[in-house]
Amino acid sequence: MAPAWLVLPYFCWSNMDVVAYSLWAGSCGRWLWNRLKRHGSRDSETWPLATADNAKKILHYCNLVQGAYEKTPGEIIERITYGTEAWVVKVAPTTLGYCPPHYILRDPERKEIVLCIRGLNLADHMNYLALADTRKGSQRFDGGYVHRGLLKAAEWLMDNRTELLKEELEKEPGYKLIIVGHSLGAGVASLFTLLLVNHRDVVGNIEREQIQCFCIAPARSMSLNLAIRYSDVINSVVLQDDFLPRTSTPIVKIILLTSLVFTVAVIWWRCIVDTFISEEAMLNDEKRLYPPVGVVLGGHAILKLPYLWRVDLKGWFSHLQ
């Protein structure tokens, strides 16, 4: 027999309690059903397969961005197992919260200057504040909307790293400028790329085609119209239902900045709201933020280079060097 303290509350509920609980259970259940019945791989069912060269390119930059989690040139080269310490131009393991840690690599083999930006640091509260520093429609940019906190970090890079990038590009004419970011850093990388493309004079007026950005599991950083317009220079990789790219900006803020009890209550309310918003309405909302472009689903990578491709990655990681 169940103890009294467990059973009695159920007999003491008022009608309003029952209604509230039913509303909560129904809205969360409907929201969950809408999410579960969708599968990321459906997005790519009609997309053509990418070439092996494009898949290798993505895996190469996925490898390079891991070096942004290290603090010295030696540690970076040991982590990425590519190049030498002499290739590492600049390492910034900390920026006092203005921007995620990053490093700059001069790659003579591929003729590229590469800026790699690390992802979310769970131990750094400044990262949480950067992600949470935005409101829907609060930051306009080039006819669309962007994430305000990530834009601030991108502007810091414009003020503090473009001179060095310009010097490296002038030393090596014809080199491409590659921006790579992971997670939080991918969101910063995408907006830094937007700034660079619109102010190419700060890096020596190189051609737009010489600038490429690769975002690995990016935070939502720009409105859909910007994502489409800059799809020729920004390429995204998203692992199926990866949390950060797939979760709306308001829910990310709730999870990062509130206590557990309050988080559950507010997410419940967001579930109710999202349940009654159609996908068409979301797509037509010009202020809603999205990852830059492209999706990776399950064992498939969907790339935008600049077209949409589906890449079967089964076995790739054990064979590619």
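Everything numeric here is computed off the predicted structure, so don't read it as measured data. Positions are given from 1, in the same order as the sequence printed here.
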ring-ring contact (aromatic ring centres under 6.0 Å, His included) with Y82: which residues, sequence neighbours excluded?
H60, W87

Less than 3.5 Å apart, any donor N or O on the side chain of Y61 or E112 sitting next to an acceptor on the other?
yes

With sequence neighbours excluded, what pairs up with Y103 under the ring-ring contact (aromatic ring centres under 6.0 Å, His included) test?
none

I'd like to know if the side chain of S183 reaches the main chain of G119, judged simply by a donor and an acceptor atom lying under 3.5 Å from each other, with no hydrogens or angles considered.
no

Restricting to side chain to side chain contact (heavy atoms under 4.5 Å, CB included), what partner residues turn up for Y175, sequence neighbours left out?
R106, P108, K111, I113, L169, E172

Can you tell if the side chain of T72 reaches within under 4.5 Å of the side chain of E85, non-hydrogen atoms only?
no

Run the numbers on K166 and E163 for salt bridge (Lys or Arg N to Asp or Glu O under 4.0 Å), then give the verdict.
CA-CA 5 Å; K166 180 180 179 181; E163 188 64 34; 5.4 Å; no

Under a 4.0 Å N-O cut-off, is there an ion pair linking K152 with E155?
no

Euclidean distance, S221 OG relative to L194 CG, rounded to 0.5 Å:
8.0 Å

More than 12 heavy atoms of other residues, nucleotides or ligands under 6.0 Å from CZ of F141: yes or no?
yes

Could you check whether R118 and Y69, counting side-chain N and O atoms only, form a donor-acceptor pair closer than 3.5 Å?
no

Can you pull out every side-chain hydrogen bond (donor to acceptor under 3.5 Å, both in side chains) where at least one residue sits in residues 196-205? Sequence neighbours excluded, please.
N198-Y230

Looking at residues at least two apart in the chain, or sitting in another chain, which of them share a side chain to side chain donor-acceptor pair (under 3.5 Å) with Q139?
none

Residues at least two apart in sequence or cross-chain that pass side chain to side chain donor-acceptor pair (under 3.5 Å) with Q210, listed by chain then number, are none

